[in-house]
Amino acid sequence: MKEKRNEDMSGFRIIRLKEVESTNSYVRVCLDNGKGLTHRTIVIADKQTAGKGTGSNSWHSEAGKNLNLSVLLKPEPLSPEKQFVLNKAMALAVFDFIEATLPDLKVRIKWPNDIYIGDKKTAGILISNTIKGARLEDVTVGIGINVNQKKFPVDIPNPASLSMFSGTKLDLIECLESLCRFLDRRYDEIISGKSLIIDNEYNSKLYRLNEMHRFKKKGVPFMAEIRGVSGFGQLQLKTTDGENLLFGFKEVEYII
Ligand code: BTN
């Protein structure tokens, strides 16, 4: 991979790469090889040759059009159970950025951490944590935001970019600066113990909150409404029979 110039934004050290397999893997390799990446480093790439999505998915992004980055946090004061609130705070930061960029649109967080505008996915987040003993050793927050891309492969479900909504080409450096400001604010909220605020705000911005919709569990469709997300990151659904259910990631599927 080729490294470009480095700089600083809102207290994040930025490492820019022209091309890399995956910014998340790059951070992981640096950590494993003791390459001393520090707390609050962001690795951003113009092009990823093997971008990772959640589960076994890959992340598609046209070179030079979007934001593909990984934020490394080494949140020493946090205990491992805080990983869920950290996930929510990072999703909120991406939400904040998109909402600030497109203030007239209905931006929502699709549990656990996709950012939707209407029924279209504009951003995805892939987080990996290392827990050592009783503390969160490091957290890599991989963020992919579709900014200026206009066409997507047909097999990607519901994709869209910010420029498809704004009708204009957005400046990627300005977008990164804005995103960094929101990441900084939300990270600060966690460190200053504002977990409740984060939980409540995250819940209030959920895609399809309190609306009856179809879901699928092990391939079987059912109707339910989203009531929130628990402190342990599980989706809380209430079925038409009034039954309250809790689901972990990949245990339930949205029908969109
Ligand atoms: C998802 O499937 O929605 C999560 C997508 C996460 C993509 C980002 S792009 C930057 C970082 N590096 C990766 O390989 N993946 C994440």
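Keep in mind that the numbers below use all heavy atoms, side chains included, and drop hydrogens, waters and symmetry copies. Start at 1 and go down the list; that is how both ligands and their atoms are numbered. None of the values given here were measured: they were computed from a predicted structure.
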Legend entry - Closest approach of any protein heavy atom to atom 12 (N) of ligand 1, naming residue and atom: Gln48 OE1, 2.9 Å

Legend entry - Nearest non-hydrogen protein atom, atom 6 (C) of ligand 1: Lys52 O, 3.6 Å

Inset, instruction - Among all protein heavy atoms, pick the one closest to atom 3 (O) of ligand 1 and tell me residue, atom and distance. - result: Lys121 NZ, 2.6 Å

Legend entry - Linked, directly or transitively: Leu183 and Ile197 (ILVMFWY side chains, under 4.5 Å): no

Inset, instruction - Take atom NZ of Lys106 as the centre, draw a 6.0 Å sphere, and report whether it contains more than 12 heavy atoms from other residues, nucleotides or ligands. - result: no

Legend entry - Where Ile109 and Tyr202 come nearest, the two heavy atoms and their spacing: CG2-CE1, 3.8 Å

Legend entry - Per-atom contacts, ligand 1 versus Gly51 - under 4.0 Å to a heavy atom: 14 (O)

Inset, instruction - Using a strict 4.0 Å threshold on nitrogen-to-oxygen distance, state whether Lys194 and Asp188 make a salt bridge. - result: no

Legend entry - Trp59-ligand 1 polar pair, N/O distance under 3.5 Å: no

Inset, instruction - Can you pull out the closest protein heavy atom to atom 2 (O) of ligand 1? Residue, atom name and distance to 0.1 Å, please. - result: Thr54 N, 2.8 Å

Inset, instruction - Please confirm whether Lys217 makes a cation-pi placement over Phe247, using NZ or CZ under 6.0 Å from the six-membered ring centre and within 45° of the ring normal. - result: no

Inset, instruction - Give a yes/no verdict on whether any heavy atom in Leu69 is under 4.0 Å from an atom of ligand 1. - result: yes

Legend entry - Ligand-side contact atoms (ligand 1) for residue partner Ile125, heavy atom cut-off under 4.0 Å: 4 (C)

Legend entry - Within-cut-off N or O pair, Thr23 and ligand 1, under 3.5 Å: yes

Inset, instruction - Considering the heavy atoms of Asp114, write down every atom of ligand 1 situated less than 4.0 Å from one of them. - result: 3 (O)

Legend entry - SB check Glu62 Lys150 (cutoff 4.0 Å): no

Inset, instruction - Show your reasoning for whether salt bridge (Lys or Arg N to Asp or Glu O under 4.0 Å) applies to Arg40 and Asp184. - result: CA-CA 9 Å; Arg40 296 182 67 119; Asp184 179 45; 2.8 Å; yes

